[in-house]
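Here the structure is laid out as C-alpha cells; the discussion comes afterwards.
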Amino acid sequence: MNTSNHKPKILLSSPHMSGKEQKYISEAFETNWIAPLGPNVDAFEREVADMVGTKAAAAVSSGTAAIHLALRLLDVQAGDTVFCSTLTFVASANPILYQGAEPVFIDSEPESWNMSPLALERALSDAKREGKLPKAVIIVHLYGQSAKMDELLHICNAYNVPVIEDAAESLGTTYKGKASGSLGKFGIYSFNGNKIITTSGGGMLVSDDIEAMKQARFLATQARDPAIHYQHSQMGYNYRMSNVLAGIGRAQLEVLEDRVTARRAIFQRYASALQAIPGVEFMPELEGTRMNRWLTAMTLGEEAGTTPSELIHALAEDNIEARPVWKPLHLQPLFAACRYYAHCDNDSVSERLFRTGVCLPSGSAMTEQEQFRVIERIQSVIGVNQFTKGA
Ligand SMILES: *Cc1c(COP(=O)(O)O)cnc(C)c1O
C-alpha cells in the first residue's frame, strides 16, 4: 500500500482568500450590481492604477484579453510581426495569432531569465535591415522577476517600437522603485486563480495613455458607437470584468503586500535549506529590483545527480505538485515556423533553463509544515541520487 498518496495535496500556487472578499461581493449583491461593470469595477481600476502609478487601468476578463487589447490598440494587423519573450506561458503569444500577425521569439539572459537585450538588439537590427520592424515587443516578467527594463526600453526606443509588459506574474514587483508593468506603453496583469492575487479569473490593462485606455474600454464592450440603437463601426469583444469579480479583486489588492512578503519568505526557506546542495541554484534576484517571488524556481545542474523530471515525479508520489520551467515558445509545435533569436550564437539560455529548471510549490497559503514536507522530500531525493550516482 502506498500511504504517501493519503498525504494532503500541496499545490504549486493556489488561491489565497483574505476573508474580506465577501464584504465587496455582498455589496454588489445588495445593490444588484451583478452585471458587467459597476462601482467595484471603477474602484478596482482606480486602486490598481494608483498602486502601480499609471494614469489609467481597464479591468477585463483575463490577462490574455488585456494583451489582445494592447495589440489592437497598437494596430497590429495580419502580416505584421510582434516580438515576444520565448520563455513564457503560451498566453503571452496567442493574442499575436488572434491578430493574424507573426511572433518572433526572443531568448532569455541568465541574470533575470527574462528577455535578452543582446538577442533583442540583433532581432531589431535584422528587422530594420529587412524593412519590417515589429509593431510591438511583448516583454514578459517571469515568475515575478522583472526583465532588464532600462536596457530593453533603451533598445526599443532607439527603434521606436512600443513595449507591452506582460506582468501577469509580477504584480507587486518593483524595478528601480517603479511597479513592474508600469514602464512600457501598456502593461497587463492577470488575476487567474494561480496568480499572486486572484479574482477567480480576470485581468487588467494599464497605461498612461488615457485616450488609448478609453478605446480599450470601448473595444472591450463590443465597440458600441454612441447611439441608442446599437450601432457598430468596429469589431469589438466582450472582455469586461464583472462587478462581482472586481469586488473580489479589491479585497485581494488590500493584501497584495502580505502575499509578496509571504512568497518571499517561502523562497528564503527553500534557499536556505537547499542552496548548499551541489548543482542546485535558484533564480537570482535582479539587482535594483524587489521581486514578488510568485514561484520559487531552481535549476538542477549535473552535480545534483537528479533531473527535473525525476524530482517532479518523486514529489508527485508524495502528493506534491512541482513543474518544469515553461517550455520555450519557439520549441512549441504551435510556433514551429516562427523565427527565434538566441542570447548568443552558442547559448540558448531559455532552452538550458527548460532542461534544468523546476518550479516549487510557492502558494502564500502554504503552511511552514507543508513547506518542510516539500523540502525534506527534495533533500531525500537529491541526497540519495548524489550518493548512489556519485559513488
Ligand atoms: C497567467 C499568464 C497570462 C494569462 O493570464 P490569464 O488571466 O490566465 O489570461 C499571460 N502571461 C503570463 C506570463 C501568465 O503567467
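Numbering of ligands and ligand atoms starts at 1, following listing order. Computed from a predicted model, the values in this text were never measured in an experiment. The analysis underlying the following values was restricted to heavy atoms, covering all of them including side chains, and did not include hydrogens, waters or symmetry mates.
- In terms of protein heavy-atom proximity, atom 15 (O) of ligand 1 is nearest to E169 OE2, 2.6 Å.
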Report task. Check the pair F105 / F335 against ring pair (Phe, Tyr, Trp, His ring centres under 6.0 Å), numbers first and verdict last. Result -> CA-CA 9 Å; F105 293 108; F335 298 114; 5.0 Å; yes

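- Between R377 and E317 there is a salt bridge, since a side-chain N of the basic residue sits under 4.0 Å from a carboxylate O of the acidic one.
- Of the heavy atoms in T88, only side-chain atoms (C-beta onward) come closer than 4.0 Å to ligand 1.
- By the 4.0 Å heavy-atom criterion, H141 is excluded from the residues contacting ligand 1.
- Between E27 and K20, no side-chain nitrogen of the basic residue sits less than 4.0 Å from a carboxylate oxygen of the acidic one, so the salt-bridge criterion is not met.
- A salt bridge is absent between R373 and E370: the closest approach of a Lys/Arg side-chain nitrogen to an acidic carboxylate oxygen does not fall below 4.0 angstrom.
- Contacts between S62 and ligand 1, counted as non-hydrogen atom pairs separated by less than 4.0 Å, involve both the backbone and the side chain.
- Of the N or O atoms in G63, one or more lie within a sub-3.5 Å distance of an N or O in ligand 1.
- Taking 4.0 Å as the cut-off between side-chain N and carboxylate O, E321 and R323 count as a salt-bridged pair.
- Among all protein heavy atoms, the one lying closest to atom 11 (N) of ligand 1 is D166 OD2, 2.7 Å.
- Protein heavy atom in closest approach to atom 9 (O) of ligand 1: T64 OG1, 2.5 Å.
- At least one heavy atom of S92 sits less than 4.0 Å from an atom of ligand 1.
- Considering backbone and side-chain atoms together, S190 places an N or O closer than 3.5 Å to an N or O of ligand 1.
- Residue K195 places at least one N or O, backbone or side chain, under 3.5 Å from an N or O of ligand 1.
- In summary, R290 and E257 engage in a salt bridge, as defined by a charged side-chain N under 4.0 Å from a carboxylate O.
- Look at A66 and you'll find every heavy atom at least 4.0 Å from all atoms of ligand 1.
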